[in-house]
*Asks:* 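One structure follows; several queries about it will come next.
Along the sequence shown, residues carry numbers from 1. Note that the structure is a prediction, hence the values are computed from the model and not measured.
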Amino acid sequence: MTGTVQDVRDENYKEFTDSAGAVVAYGLATCEPCKQYDPILEETAAKFPDIKIGKAKMHVPGRCRDIKKAHTFETYPTTHFFAHGKLLLTREGVVEPAELAALINDHLLK
């Protein structure tokens with residue numbers, strides 16, 4: 001895997017979430033907490049190269065229409081944890097680095 005935060009959009013969403021372990025953060029460009037989340041995601045991606053870490057830019061027109069149809073978002077950022085295409089859990093708001101690492105270890109690296 002890459003160890004970097006990948007760009008997630010409708011075209012690669014299924015392939016991305018079908019992997020053995022994937023974390024997708026959904027965010028908006030105008031959202032301050034989303035901006036604060038970016039370095040946490042980058043740090044986590046570098047720490048867990050076997051887990052796909054991605055960011056879906058929900059504000060870009062036409063990029064995430066199918067994703068928006070499949071999920072309901074009450075707030076941004078929202079983070080989903082997937083294993084083999086199955087949504088395991090959801091966290092709303094910024095997930096702090098220690099909690100994000102613990103959730104990956106507990107749910108995706110078993």
Side-chain angles (χ1 to χ4, degrees):
M1 309 245 175
T2 66
T4 61
V5 178
Q6 298 177 43
D7 182 34
V8 178
R9 58 194 176 284
D10 287 342
E11 292 80 18
N12 67 351
Y13 188 71
K14 181 167 177 21
E15 176 188 343
F16 194 88
T17 58
D18 279 349
S19 66
V23 176
V24 180
Y26 308 89
L28 302 173
T30 56
C31 160
E32 279 303 317
C34 298
K35 293 176 188 174
Q36 296 169 2
Y37 203 19
D38 287 345
I40 294 170
L41 294 171
E42 291 169 11
E43 175 184 319
T44 302
K47 190 174 182 179
F48 294 97
D50 293 334
I51 300 296
K52 287 187 171 183
I53 308 287
K55 183 174 178 182
K57 300 173 184 171
M58 305 303 280
H59 60 281
V60 180
R63 289 179 47 119
C64 300
R65 286 185 185 150
D66 294 338
I67 295 171
K68 288 178 185 174
K69 289 178 186 172
H71 303 286
T72 301
F73 300 99
E74 305 246 342
T75 188
Y76 292 107
T78 294
T79 306
H80 285 167
F81 298 76
F82 293 91
H84 304 287
K86 181 178 178 186
L87 177 60
L88 301 177
L89 72 146
T90 299
R91 288 290 184 268
E92 293 182 339
V94 173
V95 182
E96 295 300 324
E99 183 183 3
L100 188 55
L103 291 170
I104 289 170
N105 280 319
D106 291 347
H107 297 280
L108 301 180
L109 294 177
K110 286 184 176 180

*Asks:* Quick check for you: to the nearest 0.5 Å, what is the distance between I51 atom CD1 and N105 atom CG?
*Replies:* 8.5 Å
*Asks:* What's the spacing between L41 CG and K55 NZ if we round to 0.5 Å?
*Replies:* 7.0 Å
*Asks:* Drop me the distance from C34's SG to H59's NE2, to the nearest 0.5 angstrom.
*Replies:* 9.5 Å
*Asks:* What I'd like to find out is whether the side chain of V5 reaches to under 4.5 Å of the side chain of D38, using heavy atoms alone.
*Replies:* no
*Asks:* Ignoring hydrogens and angles, write down the donor-acceptor pairs under 3.5 Å from the side chains of residues 70-86, residues two or more places apart or on other chains.
*Replies:*
| residue | atom | partner | partner atom | Å |
| --- | --- | --- | --- | --- |
| H71 | NE2 | Y13 | OH | 2.8 |
| T78 | OG1 | T75 | O | 2.5 |
| T79 | OG1 | Y37 | OH | 2.8 |
| H80 | ND1 | Y26 | OH | 3.0 |
| H80 | NE2 | T90 | OG1 | 3.4 |

*Asks:* Heavy atoms, side chains only, cut-off 4.5 Å: are V23 and T44 in contact?
*Replies:* no
*Asks:* Rounded to the nearest 0.5 Å, how far does CG of L89 lie from CG of L87?
*Replies:* 7.5 Å
*Asks:* Tell me whether L28 shares a hydrophobic cluster with V60, the cluster being built from Ile, Leu, Val, Met, Phe, Trp, Tyr side chains joined at under 4.5 Å.
*Replies:* no
*Asks:* Kindly compute the distance separating CZ (R63) from NZ (K68), expressed to the nearest 0.5 Å.
*Replies:* 11.0 Å
*Asks:* Identify the residue among V94, I53, V95 that makes a side chain to side chain contact (heavy atoms under 4.5 Å, CB included) with I40.
*Replies:* V94
*Asks:* Are the side chain of N12 and the backbone of D7 linked by a donor-acceptor contact shorter than 3.5 Å?
*Replies:* yes
*Asks:* Looking at every non-hydrogen atom in both residues, tell me the closest pair between C64 and K57 and how far apart they are.
*Replies:* SG-O, 3.7 Å
*Asks:* What's the spacing between D18 CG and K52 NZ if we round to 0.5 Å?
*Replies:* 9.0 Å
*Asks:* Just wondering, more than 12 heavy atoms not from E11 lying within 6.0 Å of its CD?
*Replies:* yes
*Asks:* Please walk me through it: do L109 and F48 pass side chain to side chain contact (heavy atoms under 4.5 Å, CB included)?
*Replies:* CA-CA 10 Å; L109 294 177; F48 294 97; 3.7 Å; yes
*Asks:* Taking D66 for its side chain and D10 for its backbone only, find out whether a donor-acceptor pair lies under 3.5 Å.
*Replies:* no
